[in-house]
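No hydrogens, no waters, no symmetry mates; every other heavy atom, side chains included, goes into these values.
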Amino acid sequence: MPAMDIKLEDSWKTALKDEFASPYMRQLKSFLVSEREAGKRIFPKGPEYFRALDLTPIENVRVVILGQDPYHGAGQAHGLCFSVQPGVRTPPSLVNIYKELQTDLGIPPANHGFLESWARQGVLLLNSVLTVEEARAGAHQGQGWEKFTDAVIRIVNERCEHVVFLLWGSYAQKKAAFVDTARHLVLKAPHPSPLSAHAGFFGSRHFSKANAYLQSHGLEPIDWQLPEHVAKP
């Protein structure tokens, strides 16, 4: 999977060129091709595998939010963790994120689940695994994506300054355990899933804490209020 064949934002394409040239990424590409040839539907669509990176160049990264897998229902995933396409019902975890936003910053819940405006401000909405088979949650785990997204996190850790890592749930916390806490702010809470949100995600006030940290280092805060209307694709 040579980097020159990948359509990707330039800063990430350069930083990740060794990953794209590695054997594990060639194997991952072969796996995805064989799955498609077998007639399996893969989400998100190909041009959106790297959407999180395309929208948030390295030099723009101010906040990192880690997810695990893309949504596996038709029309949901579009390359940003926790986000769904316009016109799709807001998933339960994102409903809880909106509830915490309202408690923390007084921002009323958006009437959609499309988070691109966060990504365009420097919030890297990164899943650990970037593809999934329709109706089979976790189907593409262990195929190489985890190693690739580890490299993405490592690049942010090493090349950026004063980034806020919002690590929700044990999976995200383990994945980003190597982040330098002397250089970045790491905030941890339970996952916003309905199964765990009441165990400490609610009341964590991560959004105001993130903005306070950014401002204390002379950086622009994130406007967490989403646009009221977004167009359907």
Visitor: Indicate the atoms forming the closest heavy-atom contact of Phe148 with Met25, along with that distance.
Guide: CD1-CE, 3.7 Å

Visitor: Between Trp168 and Phe201 (judged by ring centroids, cut-off 6.0 Å), do the two rings come close enough to count as a pair?
Guide: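 So the answer is yes for these two rings.
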
Visitor: Is the closest side-chain heavy-atom distance between Leu32 and Gln143 below 4.5 Å?
Guide: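 No, side chains not in contact.
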
Visitor: Which atom pair, heavy atoms only, marks the closest approach of Gly75 to Gln85?
Guide: O-NE2, 3.2 Å

Visitor: Within the 3.5 Å criterion, strictly below it, is a donor on Lys175 or Thr149 matched to an acceptor on the partner's side chain?
Guide: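 Side-chain D/A pair, Lys175 to Thr149: present.
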
Visitor: Please evaluate residues Glu134 and Lys40 with respect to the criterion salt bridge (charged side-chain N to carboxylate O under 4.0 Å, His left out), reporting the C-alpha separation (whole Å), side-chain torsions for both, the decisive distance (0.1 Å), and the verdict.
Guide: CA-CA 7 Å; Glu134 182 179 25; Lys40 297 178 181 179; over 6 Å; no

Visitor: So, using salt bridge (Lys or Arg N to Asp or Glu O under 4.0 Å) as the criterion, who are the partners of Asp69 when residues are at least two apart?
Guide: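 For Asp69 there are no salt bridge (Lys or Arg N to Asp or Glu O under 4.0 Å) partners, ignoring immediate neighbours.
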
Visitor: Is the distance between the ring centroids of His191 and Phe82 under 6.0 Å?
Guide: yes

Visitor: Closest heavy-atom contact between Asp150 and Phe178?
Guide: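 Of all heavy-atom pairs spanning Asp150 and Phe178, the closest is O-CZ, 4.0 Å.
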
Visitor: Do Val123 and Val64 come within less than 4.5 Å of each other through their side chains, counting heavy atoms only?
Guide: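 The answer is no; the side chains never approach within 4.5 Å.
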
Visitor: Please determine whether the number of non-hydrogen atoms from other residues, nucleotides or ligands lying under 6.0 Å from atom CZ of Arg36 exceeds 12.
Guide: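 Atom CZ in Arg36 is crowded, with more than 12 foreign heavy atoms closer than 6.0 Å.
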
Visitor: Can you label the angle between the Phe50 ring and the Phe20 ring as parallel, tilted or perpendicular, going by 30° and 60°?
Guide: perpendicular

Visitor: Does CD belonging to Glu59 count more than 12 external heavy atoms closer than 6.0 Å?
Guide: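 Above 12, so yes.
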
Visitor: Is there side-chain contact between Leu167 and Leu187, with at least one heavy-atom pair below 4.5 Å?
Guide: no

Visitor: Please determine whether a side-chain nitrogen of the Lys or Arg among Glu116 and Arg120 lies less than 4.0 Å from a carboxylate oxygen of the Asp or Glu.
Guide: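 Result for this pair is yes, salt bridge flagged.
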
Visitor: So which atom in Glu19 and which in Tyr24 form the shortest heavy-atom distance, rounded to 0.1 Å?
Guide: OE1-OH, 2.6 Å

Visitor: Among all residues two or more places apart in sequence or in another chain, which pass the salt bridge (Lys or Arg N to Asp or Glu O under 4.0 Å) test with Glu220?
Guide: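 Once residues adjacent in sequence are excluded, Glu220 has no partner under the salt bridge (Lys or Arg N to Asp or Glu O under 4.0 Å) criterion.
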
Visitor: Taking atom types as modelled, find out whether Tyr98 and Thr90 have a side-chain donor-acceptor pair closer than 3.5 angstrom.
Guide: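 No, no side-chain donor-acceptor contact under 3.5 Å.
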
Visitor: Can you name the nearest heavy-atom pair linking Ala139 to Glu133, along with the distance?
Guide: CB-CB, 3.8 Å

Visitor: Taking the six-membered ring for Trp, are Phe165 and His184 closer than 6.0 Å centroid to centroid?
Guide: yes

Visitor: Is Val163 reachable from Trp12 through a run of hydrophobic residues whose side-chain heavy atoms are each under 4.5 Å from the next?
Guide: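 In one cluster with Trp12: Val163, yes.
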
Visitor: How far apart are the closest heavy atoms of Pro221 and Gln121, and which atoms are they?
Guide: O-OE1, 4.4 Å

Visitor: With no hydrogens and no angle check, do the side chains of Thr131 and Trp145 hold a donor and an acceptor under 3.5 Å apart?
Guide: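 The criterion, which ignores hydrogens and geometry beyond distance, is satisfied for Trp145 and Thr131.
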
Visitor: So, are Glu48 and Arg51 salt-bridged, with charged N and O less than 4.0 Å apart?
Guide: no

Visitor: Among the clusters formed by ILVMFWY side chains lying less than 4.5 Å apart, do Val129 and Leu126 turn up in the same one?
Guide: yes

